[in-house]
Amino acid sequence: MQLRSLTISNFKNIAETHLEFSGKVNGFLGNNGMGKSNLLDAIYFLSFCKSFSGVPDRMLILNGQDWAIVKGRYQRRGVEEEVALGLAEGKRKSLRRGGKEYQKLSSHIGAFPLVMIAPQDIDLIRGTGEERRRWIDMVISQGDARYLEALIRYNKALEQRNRLLRDGAVDPALYEALESMMSVTADYIHSARASHIATITGILSRYYTAVAGEDGERVELSYLSSLSTPGVDLRQLLETARRHDEIVKHTSVGPHRDDIEMTLRGLPLRRTGSQGQCKTFTIALRLAQYDYLARATNMKPMLLLDDIFDKLDASRVERIMSLVTADDFGQIFVTDTNRTHLDEIMRRTGDDYRLWKVEGGHFTRL
């Protein structure tokens with residue numbers, strides 16, 4: 001799968017641009033704050049219908065404007081397709097594929113798989129469990145539509161149960177109806193997470209060694225969930241916790257409280273990992289995610305690399321370049337402030353590359 005061209009109007013600091021891409025490597029060179037990351041975010045936006053940075057949709061519209069639109073022309077499974085996603089103040093997002101509007105944005109997730117590696121990935125290690133749940137949900141949802149549907153249904157029921165708790169409702173029948181729905185969907189969410197985390201852990205070890213160049217540094221992901229105890233179901237846990245939840249006014253157990261522990265040599269990375277080890281881990285984790293998605297979707301996802309070489313030693317930069325320019329990876333979009341890194345990546349890919357200079361949201365082909 002490839003993104004052949006991108007047209008942007010009023011997205012972040014990009015007022016208007018149209019870019020035609022290489023099928024292999026596309027590089028964007030410029031100082032910080034010029035719009036390189038915003039270009040990658042526009043590509044991400046077309047795959048996930050939201051910003052990688054997590055900001056509200058209204059903040060994606062260029063200052064002084066009340067609408068924005070991003071259009072992409074893809075080559076997917078031998079067929080050319082156009083996707084257009086529009087935003088307007090006070091209106092619902094409009095997503096069209098082949099000129100036909102989606103009724104549910106969730107139906108689009110996974111159609112154009114993508115993996116983005118960015119400096120913010122450190123939050124997967126240092127941040128809260130919510131960051132790690134969002135990551136695994138995004139990974140699984142791209143290859144499993146049933147999982148995404150279960151997650152949506154669970155979150156709707158969770159929101160309703162929390163509303164009952166905040167309102168001080170006491171009718172057991174209302175709680176039991178919602179808890180029954182939450183339990184059914186939670187079973188699938190839990191089993192899918194457990195399976196996929198185990199699979200990605202095996203792939204992660206290979207990529208960590210490939211990037212770090214060090215054998216014997218065991219890396220693992222461990223799934224922490226209240227449903228992992230054999231014989232326990234969510235309905236039982238919710239009923240037991242109901243009195244406590246009525247006091248604290250929110251639901252204290254369930255998949256929305258799960259976490260993923262990331263360890264290096266058996267020790268929690270968030271407490272013991274150096275800056276270099278944490279960055280190497282997150283890069284390896286994203287590459288493992290890419291490997292998993294390529295198998296799950298039977299397509300090579302787009303790979304977006306946003307300023308990933310900063311604070312890495314030369315040997316690790318070299319190993320990453322060797323990995324991402326190999327045949328295992330498809331189309332790549334990479335940003336950097338250092339032309340040396342971009343030139344080296346271009347050199348490795350022969351003639352199949354394009355390079356732009358980025359200044360103030362404007363893109364000049366080099």
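Position 1 is the first residue of the sequence; numbering continues from there. Here the structure is a predicted model, which is why all the values come from computation and not from measurement.
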Write down the atom of Pro255, the atom of Ile189, and the distance for their closest heavy-atom approach. CB-CG2, 4.0 Å
Would Leu114 and Tyr102 show up in the same hydrophobic cluster when neighbours are defined by side-chain heavy atoms closer than 4.5 Å? yes
Using atom types as modelled, flag every donor-acceptor pair under 3.5 Å from a side chain in residues 352-362 to any protein atom, sequence neighbours excluded.
{"residue": "Asp352", "atom": "OD1", "partner": "Ser22", "partner atom": "OG", "Å": "2.7"}
{"residue": "Arg354", "atom": "NH1", "partner": "Glu20", "partner atom": "O", "Å": "2.8"}

Qualifying side chain to side chain donor-acceptor pair (under 3.5 Å) pairs, either residue in residues 295-304, two or more places apart: Asp291-Arg295
Are Arg163 and Gln160 linked by a side-chain donor-acceptor pair shorter than 3.5 Å? no
Tell me the closest heavy-atom pair linking Thr201 and Glu220, and the distance in Å. CG2-CA, 3.9 Å
Answer yes or no: are there more than 12 heavy-atom neighbours, outside Arg365 itself, under 6.0 Å from its atom CZ? yes
Less than 3.5 Å apart, any donor N or O on the side chain of His190 or Tyr223 sitting next to an acceptor on the other? no
Whether Tyr292 and His196 hold their rings parallel, tilted or perpendicular, with breakpoints at 30° and 60°: perpendicular
Could you walk me through whether Ile200 and Leu285 satisfy the side-chain contact (heavy atoms from CB on, under 4.5 Å) test, starting with their C-alpha distance in whole Å, then the side-chain angles of each, then the deciding distance to 0.1 Å, before giving a yes or no? CA-CA 8 Å; Ile200 291 175; Leu285 184 63; 4.3 Å; yes
Exercise: do Thr263 and Arg218 side chains pair donor with acceptor under 3.5 Å: no
Would you say CG of Asp171 has more than 12 non-hydrogen atoms from neighbouring residues, nucleotides or ligands within 6.0 angstrom? yes
May I ask you to check whether over 12 heavy atoms, not counting those of Gln75, lie within 6.0 Å of atom CD? yes
Given side chains that start at C-beta, do those of Lys71 and Ser9 come closer than 4.5 Å, heavy atoms only? no
Does His256 reach the side chain of Tyr154, with side-chain heavy atoms less than 4.5 Å apart? yes
Does a sphere of radius 6.0 Å around NZ in Lys156 hold more than 12 heavy atoms from other residues, nucleotides or ligands, not counting ones at 6.0 Å or beyond? no
Got a sec, which pairs hit side chain to side chain donor-acceptor pair (under 3.5 Å) with one end in residues 178-187, sequence neighbours left out? Arg161-Glu179, Glu179-Arg242, Ser180-Arg235
Please check if atom CZ in Arg206 has more than 12 non-hydrogen atoms from other residues, nucleotides or ligands closer than 6.0 Å. yes
In terms of relative ring orientation, are Phe333 and Phe28 parallel, tilted or perpendicular, with 30° and 60° separating the classes? parallel
Can a side-chain donor-acceptor contact be found between Thr251 and Asp245 if the only test is distance below 3.5 angstrom? no
Would you say CZ of Arg77 has more than 12 non-hydrogen atoms from neighbouring residues, nucleotides or ligands within 6.0 angstrom? yes
Decide yes or no for Leu39 and Thr335: does some side-chain heavy atom of the first lie under 4.5 Å from some side-chain heavy atom of the second? no
Can you see which heavy atom on Asp137 is nearest to which on Ser141, and at what distance? O-OG, 2.7 Å
Where is the tightest heavy-atom contact between Cys49 and Lys93, given as atom of each residue plus distance? O-NZ, 2.5 Å
Any Val219 side-chain heavy atom under 4.5 Å of Phe281 side chain: yes
I need the minimum non-hydrogen distance between Ser94 and Glu101, along with the two atoms involved. OG-OE2, 3.3 Å
Do the rings of Phe52 and Tyr44 sit parallel, tilted or perpendicular, given the 30° and 60° boundaries? perpendicular
Ignoring hydrogens, what is the shortest heavy-atom contact between Leu85 and Leu95? Give both atom names and the distance. CD1-CB, 3.7 Å
Are there over 12 heavy-atom neighbours, none belonging to Arg126, within less than 6.0 Å of that residue's CZ? yes
Given Thr282 and Ile117, is the side-chain contact (heavy atoms from CB on, under 4.5 Å) satisfied, shown in steps? CA-CA 8 Å; Thr282 56; Ile117 307 178; 5.9 Å; no
Give the ring-plane orientation class for Phe329 versus Tyr207, where under 30° counts as parallel, over 60° as perpendicular and anything between as tilted. perpendicular
Does a donor on one side chain sit under 3.5 Å from an acceptor on the other, for Arg316 and Thr280? yes
Could you go step by step and tell me if Arg73 and Thr7 meet the side-chain hydrogen bond (donor to acceptor under 3.5 Å, both in side chains) rule? CA-CA 9 Å; Arg73 181 169 54 86; Thr7 302; over 6 Å; no
Quick one: does Phe21's side chain get under 4.5 Å of Gln2's, heavy atoms only? no
Given Arg133, Arg132, Arg193, the one that forms side-chain hydrogen bond (donor to acceptor under 3.5 Å, both in side chains) with Asp258: Arg193
Determine whether more than 12 heavy atoms belonging to other residues, nucleotides or ligands lie under 6.0 Å from atom CD of Glu261. yes
